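First up is the structure itself, then whatever we jot down about it.
Just so you know, ligand 1 is whichever comes first in the structure, and atom 1 is the first atom listed for that ligand. For the numbers below, each heavy atom of this structure counts, side chains included, while hydrogens, waters and symmetry mates do not. Source: prediction; values computed, not measured.
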Amino acid sequence: DSGSARASPEQYDIQYLTPVEIGTPPQTLNLDVDSGSSDLWVFSTEMPASSVKGQAQYDPSKSSTAKRVQDATWNITYGDNSYSEGIVYKDVVNVGGVSFDAQAVEAATAVSQTFTTDANDDGLLGLAFSTINTVQPSQEKTFFDNVASELDAALWTADLKYHKSGCYDFGVIDDSKYTGQITYTDVDSSDGFWMFDVSGYGIGNNTFQSTSFQGIADTGTTLAMLPAQVVKAYYKQVRGAKLDNSQGGYVFPCQANLPSFVYGVGNARYEIPGQYINYAPVDNDGTTCFGGIQSDAGIGFAILGDILLKSAFVVFDASENVPRLGFAKK
Ligand SMILES: N#Cc1c(N)n[nH]c1N1CCCC1
């Protein structure tokens, strides 16, 4: 079995939303596919109307296949301090034609303001490792872990794009979506993430620095959070750039001509075009812009979010004993 689903960007590519069918008859919700977490949770009819502002809500009472998981609860807090919590059902979930009939669907009973204010985002579909799923007392499996054995290959791929729709594919590597070779690198999943070694970096045409650092491939994070020294070196090349703590990171004049950023995977080199690193204006007149590359200080590892991932075709491969990530140009 294999399948393919759209990944459509919200404004500034802050996140990408993917239509997911839940229940019988199918209820379509647009979810943020997130390789940095492992809960599939949805806005639901179980939450107060005051915290729903335009989102679609999963209504288990309208699904003939919904079954309550007695006494199960969940709660999750993300790195940006957004959170959600609730109860659990098992129901049919179909993503891009790949279906599982007893997926844990975590129905929210409460969400933080950041989720309420994003009218287009109906929840999350976590694709990190099931060891960090938050359901208690019995942890649940991610959608990918549930379907892996029925897929033609136990992998999924991300083809995110700059300011346009891309795809998440399950069970197949579509060779039309990349050029050249796929470079694979081993993943350390001991913290539940797709964590790997970035073999080094380069700024624009400057010499590539072979100083490696660990990072997680995280489709649920907007920006690229990199080691402070790397980030400092990058913005040193941007006239007018400064670290503005009131904005929470590096900003620069929106007209700045940004250098590209090169990252290494093994012996391969991938480039993020400078344009991708102009994330969004911080002011109404669009004079000051916020950088797409920011510091990972305080996190403990780098977070390779959408700003970086959209520059490549990425394979999340669990088909062997040791999981691995594949990167290719496109
Ligand atoms: N912060 C954060 C984060 C992450 N590192 N992965 N997914 C995150 N989300 C925040 C809100 C929805 C998903």
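Of the possible polar contacts, one joining the T18 side chain to the R6 backbone as a donor-acceptor pair under 3.5 Å is found. Put simply, the side chain of S44 gets close to the backbone of A108: a donor and an acceptor are under 3.5 Å apart.
You'll find the ring centres of F261 and Y270 outside the 6.0 Å limit. If you look at W156 and F143, their ring centroids are not closer than 6.0 Å.
Salt bridge D175/K177: absent, no basic N to carboxylate O contact under 4.0 Å.
Each side-chain hydrogen bond (donor to acceptor under 3.5 Å, both in side chains) pair with one or both residues in residues 220-240, not counting sequence neighbours, appears once here: D218-T221.
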Identify all N/O pairs between ligand 1 and the protein with a separation under 3.5 Å and present them as a table of atom names and distances.
residue	atom	partner	partner atom	Å
ligand 1	1 (N)	G79	N	3.2
ligand 1	1 (N)	D80	N	2.9
ligand 1	5 (N)	D218	OD2	2.8
ligand 1	5 (N)	T221	OG1	2.9
ligand 1	6 (N)	D34	OD1	3.4
ligand 1	6 (N)	D218	OD1	3.3
ligand 1	6 (N)	D218	OD2	2.9
ligand 1	7 (N)	D34	OD1	3.4
ligand 1	7 (N)	D34	OD2	2.9
ligand 1	7 (N)	G220	O	3.4

